[in-house]
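Report on the structure given below.
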Amino acid sequence: MTRDQFIQALPKAELHLHIEGSLEPELLFELARRNRVEIPFSSPEEVRAAYSFERLQDFLDIYYQGMNVLLGPEDFYDLTRAYLARARQDNLRHVEIFFDPQGHTGRGVAFDHVVEGITAALDEAARDGGPSSHLILSFLRHLSEDEAFATLAEADSHLDKFVGVGLDSTEMGHPPGKFERVFARAGEMDLKLCAHAGEEGPPEYVRDSLDLLRIDRLDHGNRAMEDPRLVARLADSQMTLTSCPLSNLRLAVIADMRENPVADMLEAGLAVTVNSDDPAYFGGYLNDNYTAVAEALDLDRAQLATLARNSFTGAFLDEAAIAGHLGEIDSLLAGG
Ligand code: HPA
Ligand code: ZN
């Protein structure tokens with residue numbers, strides 16, 4: 001079995017995926033036509049050519065523009081269904097999906113329509129061979145605390161549909177402390193807590209995510225590696241980190257795939273996972289990310305299996321489900 005075949009055969013979970021970031025240019029075009037939304041491109045190729053980013057903000061500007069074609073529940077359903085089909089191809093058994101409700105309600109799209117469309121596709125996949133899934137409501141950190149509280153209030157009547165909350169968008173200038181009270185409230189609502197930190201922001205943003213937001217999972221976390229005491233703390237607590245290699249490369253968080261922190265994170269005993277972040281924008285789905293790091297860092301099968309194991313132990317799944325997935329990885333390694 002080649003390394004690529006092994007990556008394909010590995011049962012995996014994806015823990016860091018923004019559903020709006022899975023909007024492929026072809027679907028963007030189709031939805032623009034369906035909804036009569038003007039877009040400043042004349043072909044999917046032209047859209048792809050515009051995906052050149054020097055920093056996170058360059059991407060975010062295009063990502064929010066892309067969302068404009070998502071209007072009705074059927075658009076969110078089509079988007080989610082397309083991602084799940086791709087996830088199944090990559091042998092994903094479980095996915096934990098972020099969505100950005102404020103990116104839609106801010107344009108006049110009803111919160112309920114967003115949730116209805118996404119969950120219809122998730123429920124369909126659950127009935128039809130998988131993957132299983134959880135949905136995570138992500139706050140846009142460039143917006144205010146009041147706006148995050150208002151979004152959490154809208155979620156209140158759908159609590160059975162969400163496993164947790166997240167924090168994404170422009171990191172610099174929007175430190176975790178801005179959302180301390182919102183996260184405390186979400187914790188009281190028994191929601192799991194995730195935050196993007198240390199993608200562009202300094203190690204302090206990672207520390208504040210632990211101390212002020214009391215997160216259960218850390219998204220990205222690259223710059224934590226600059227602070228040995230923080231690395232030791234993340235290792236001791238076995239905090240799950242969701243690394244996104246192709247995203248890091250395309251957003252110039254790293255200059256070369258060999259600078260990817262995954263190998264150092266594994267070496268330091270961190271519970272790191274590999275994820276695609278926004279696959280339609282960053283040039284690859286989950287297995288492409290595994291392949292990219294495996295090639296650049298020359299990862300062996302044991303390391304790849306550890307990454308896949310971490311994706312299940314870091315998922316918000318019950319013990320029995322996790323044990324089932326880990327058992328499948330063990331039998332693959334045993335040649336069964
Ligand atoms: N970082 C911050 N915000 C985001 C990202 C990301 O990688 N993807 C979608 N929103
Ligand atoms: Zn992200």
Side-chain angles (χ1 to χ4, degrees), residues 13-24 28 51-68 70 76 79-80 83 95-104 106 114 118 134-143 147-148 151 164-176 178-179 192-202 205-206 209 213 215-224 240-254 260-262 272-286 288-289 292 311 314:
E14 174 147 62
L15 305 181
H16 185 156
L17 178 281
H18 302 266
I19 198 65
E20 297 90 345
S22 72
L23 178 60
E24 290 287 347
L28 179 107
Y51 292 174
S52 160
F53 317 114
E54 283 178 25
R55 59 185 68 78
L56 174 60
Q57 193 61 47
D58 297 345
F59 155 70
L60 290 170
D61 293 343
I62 286 216
Y63 168 79
Y64 295 123
Q65 187 184 70
M67 285 185 198
N68 287 334
L70 298 165
F76 291 92
L79 173 71
T80 308
Y83 166 69
V95 296
E96 301 200 338
I97 295 180
F98 291 121
F99 76 116
D100 286 329
Q102 292 163 298
H104 312 301
V114 180
I118 297 174
H134 286 320
L135 193 54
I136 302 175
L137 181 162
S138 205
F139 300 112
L140 299 182
R141 67 200 305 157
H142 66 273
L143 299 181
E147 286 165 298
T151 302
V165 298
L167 186 63
D168 63 12
S169 192
T170 313
E171 188 179 7
M172 294 305 283
H174 300 282
K178 183 176 165 186
F179 297 96
K192 298 286 186 188
L193 308 174
C194 309
H196 284 52
E199 181 184 19
E200 286 188 343
Y205 282 22
V206 174
S209 299
L213 303 185
I215 52 170
D216 298 294
R217 200 157 70 205
L218 171 60
D219 296 311
H220 293 295
N222 299 54
R223 293 195 57 195
T240 297
L241 281 79
T242 63
S243 197
C244 304
L246 288 171
S247 166
N248 284 173
L249 187 66
R250 295 289 285 267
L251 298 182
V253 169
I254 55 175
N260 191 274
V262 167
V272 60
T273 62
V274 165
N275 306 271
S276 70
D277 208 2
D278 301 280
Y281 292 89
F282 300 146
Y285 285 79
L286 190 64
D288 303 313
N289 277 275
S311 75

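Whatever order the structure lists ligands and atoms in, that order sets their numbers, starting from 1.
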Q: Please report the C-alpha distance between Glu96 and Leu17 in whole Å, then the side-chain angles of each, then the deciding distance to 0.1 Å, and finally whether the side chain to side chain contact (heavy atoms under 4.5 Å, CB included) criterion is met.
A: CA-CA 7 Å; Glu96 301 200 338; Leu17 178 281; over 6 Å; no
Q.
For ligand 1, give me the residues whose heavy-atom distance to it is below 4.0 Å, by chain and number please.
A.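 Lining ligand 1 at under 4.0 Å, by heavy atoms, one finds His18, Leu56, Phe59, Leu60, Tyr63, Asp168, Ser169, His196, Glu199, His220, Asp277, Asp278.
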**Q.** Derivation of the ring pair (Phe, Tyr, Trp, His ring centres under 6.0 Å) call for Phe139 and His174
**A.** CA-CA 12 Å; Phe139 300 112; His174 300 282; over 10 Å; no
Q. Taking the side chain as C-beta and beyond, is there a heavy-atom pair between Ile136 and Arg217 under 4.5 Å?
A.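 Contact flag for Ile136/Arg217 side chains = yes.
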Would you find a donor on one side and an acceptor on the other, under 3.5 Å apart, between the side chain of [X] and the backbone of [Y]?
| X | Y | result |
| --- | --- | --- |
| Asp58 | Phe53 | no |
| His196 | Leu167 | yes |
| Asn275 | Glu14 | no |

Q | Polar contact flag, side-chain donor to acceptor under 3.5 angstrom, Asp277-His16 | A |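 Yes.
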Q) Just checking, any donor-acceptor pair under 3.5 angstrom between side chains of Gln57 and Asp61? A)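 Note: Gln57 and Asp61 side chains meet the donor-acceptor criterion.
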Q: Could you name all protein N, O or S atoms found under 2.8 Å from the Zn ion (ligand 2)?
A: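 N, O, S partners closer than 2.8 Å: His16 NE2, His18 NE2, His196 NE2, Asp277 OD1.
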Q.
The test is side chain to side chain contact (heavy atoms under 4.5 Å, CB included); show your working for Leu70 and His104 and say whether it passes.
A. CA-CA 8 Å; Leu70 298 165; His104 312 301; 4.0 Å; yes
